There are 2 protein chains.
Amino acid sequence: MNVMDSTRRPRGRPQARPDAETRHVIAEAARAEFMANGYASTGMDAVAKRAGVSKKTLYRLVPTKAALFKASVADRIDSFLLAVDPDILALLDIEAGIERILHEFGRLTLAVDTIAIQRLVLAESDRFPDLATDFYAAAIVATHTNMTRYLTRMRDEGALVLDDPHVAAGMLRGMMIMEPQRAAMLGQRGAPTESEIAARATACARLFLHGCRP
Amino acid sequence: MNVMDSTRRPRGRPQARPDAETRHVIAEAARAEFMANGYASTGMDAVAKRAGVSKKTLYRLVPTKAALFKASVADRIDSFLLAVDPDILALLDIEAGIERILHEFGRLTLAVDTIAIQRLVLAESDRFPDLATDFYAAAIVATHTNMTRYLTRMRDEGALVLDDPHVAAGMLRGMMIMEPQRAAMLGQRGAPTESEIAARATACARLFLHGCRP
DNA sequence: TATTTTGGAGAATATCAAGTTTCCTAATGT
DNA sequence: ACATTAGGAAACTTGATATTCTCCAAAATA
């Protein structure tokens, strides 16, 4: 009889959806609100309304606003990891390889969503230091490490001359994204288009490799 | 007799200091609080207390918290302009010149205060878009323009080969500061030391000019 | 039909902080 | 002394909003 318990429906009204699913809907809605209005200016009423859920349900599934914030951001941290297939990279020469990595990196970090979340994490890093740490580790350090690995391999193969691939990777990232990212974060420009990203990746790769001395 | 009016003290208790001075003290205190706790978490009581002033006086000199915020940040925007003496630059070769600019730029933008204010402006750019615009124009664009001017001159003198000095200046800035600045903003590292800044400037200048091809 | 459980709408409560006001003391001219 | 202005301490008002609670309809089983 116990075997049946899992399939047999219990007495009262059944759940509209499993809690996990509702939680996900809530997290999506919350992220959208937080990204649009920031933490302080986002109300739980607004989140509930956008999620199409009552506050009662909201608070059944989420303990506090702070937890909701962390959950809604943490949900997407993983999606910020840059990983370029090494098999493909192996087929490209050094310049094309770097260009490829930068292009992918730019697409990732210069997307409107990514920029909004970065600004959010930055803005609330005082209130949520552990979230900032998670973000830094999962998104920034991880991506940085992947780039460093590529540069190190290229150096070992003799394709590059580098004192410190780790530092060089940081410079490469900064060249590629700082300016457009910050302009967008400050609301002074929209996120760059795909072709702008591509052009910038090309220019960066060339500058990084050849410099600009005559 | 009207001539005397300006020197003659009026009837009651005199002001402890001129209003302008008190305003300045308040702005300083406010900036410190905002930088430490962010806009939302900073209370007017705390600002008054730190300024050594009562809330009555505070509100006599400042209309609202929002105005206080704008004033306290705007006060310092001008101090973020990078300006390197062109006469000195003229004496240096291209590599030393770029290194010099980057060093100065790093000192400016990687100071704890600067980083804190940038984070603040970034965090509140939704609530205060015009402040963000002012900051962008006065600090970022102006500095960028100065760098671009130098690169353009060097290119015209034949010391550099550049398609677009404007874009190149953005890349140079990103190389120099993005990584350490963001780590500090996220609370993952302290602001770099003077010698770290110097070393980074040297490495950037070399990479920018010579690239890293064997 | 009676019983149960889910969930919505939103009223109620609690808390917190911005902005005002009151009351009191200090410092100065007359 | 007394009138008058400055300014501090703290109470008060008000508006948000996070969190809880009440009431009720919906959807299922027995």
Side-chain angles (χ1 to χ4, degrees), chain A residues 1 4-27 29-30 33-34 36-72 124 126-128, chain B residues 1 4-27 29-30 33-34 36-72 124 126-128:
Chain A
M1 52 280 283
M4 291 280 87
D5 282 352
S6 55
T7 58
R8 159 110 68 205
R9 197 190 323 241
R11 200 91 189 305
R13 171 179 175 172
Q15 286 193 324
R17 332 168 256 225
D19 281 355
E21 203 173 313
T22 307
R23 250 189 268 267
H24 187 251
V25 171
I26 290 172
E33 289 287 330
F34 286 135
N37 312 86
Y39 181 76
S41 312
T42 294
M44 295 300 267
D45 287 27
V47 173
K49 177 168 288 186
R50 179 185 279 244
V53 141
S54 75
K55 277 199 287 177
K56 190 182 180 185
T57 305
L58 174 55
Y59 275 104
R60 184 168 59 77
L61 298 176
V62 166
T64 65
K65 184 182 177 183
L68 177 59
F69 181 71
K70 290 209 255 185
S72 70
E124 306 302 333
D126 272 342
R127 211 190 307 250
F128 302 99
Chain B
M1 50 279 280
M4 290 281 86
D5 282 352
S6 56
T7 57
R8 160 107 68 203
R9 198 193 320 245
R11 199 95 189 298
R13 170 178 176 175
Q15 286 195 326
R17 325 169 261 223
D19 281 355
E21 203 173 313
T22 307
R23 253 189 265 267
H24 187 252
V25 171
I26 290 172
E33 289 286 330
F34 285 136
N37 311 342
Y39 182 76
S41 312
T42 293
M44 295 300 267
D45 287 24
V47 172
K49 177 167 287 183
R50 178 185 280 240
V53 140
S54 75
K55 272 206 292 175
K56 191 184 181 182
T57 304
L58 174 55
Y59 275 104
R60 183 169 60 78
L61 298 175
V62 166
T64 64
K65 183 183 177 183
L68 178 58
F69 181 71
K70 290 208 253 183
S72 69
E124 306 301 333
D126 271 342
R127 211 189 308 249
F128 301 100

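In what follows, chains are A, B, ... by sequence order, proteins preceding strands, each numbered from 1. These numbers come from a predicted model, not from an experiment.
- By the 4.5 Å heavy-atom criterion applied to side chains, B/T22 and B/Q15 are not counted as neighbours.
- Comparing atom distances between the B/K55 side chain and each of D/dG7, D/dT19, C/dG19 picks out C/dG19 as nearest.
- The distance from atom CE of B/M44 to atom P of D/dA9 is 16 Å, rounded to the nearest whole Å.
- B/R17 places its CZ atom 8 Å from the P atom of D/dG8, with the value rounded to the nearest Å.
- With D/dG7, C/dT20, D/dT19 as the choices, the nucleotide that has an atom nearest any side-chain atom of B/Q15 turns out to be D/dG7.
- C/dG19 atom P lies 17 Å from atom CZ of B/R60, rounded to whole Å.
- To the nearest 0.5 Å, atoms NZ (A/K49) and NZ (A/K55) are separated by 11.0 Å.
- Rounding to whole angstrom units, OH of residue B/Y59 and C1' of D/dG7 are separated by 17 Å.
- In this structure, the NZ atom of A/K49 is 15 Å from the C1' atom of D/dT17, given to the nearest Å.
- If you check every strand for non-hydrogen atoms under 4.0 Å, B/K56 touches a base.
- Note: A/L61 CG to A/R23 CZ = 5.0 Å, rounded to the nearest 0.5 Å.
- Geometrically, B/K65 engages B/Y39 in a cation-pi contact defined by less than 6.0 Å to the ring centre and at most 45° from the axis.
- Separating the CG atom of A/D45 from the C1' atom of C/dG8 is a distance of 13 Å, rounded to the nearest angstrom.
- For the pair A/K65 NZ and D/dA16 C1', the computed distance is 11 Å after rounding to whole Å.
- Of all nucleotides listed (D/dG8, C/dG8, D/dT19), D/dT19 comes nearest to the side chain of A/T64.
- One can place CG of A/L58 at 16 Å from P of C/dG10, the figure rounded to the nearest angstrom.
- Among the heavy atoms of the strands lying under 4.0 Å from B/T42 are primed sugar atoms or P, OP1, OP2 only; no base atom is included.
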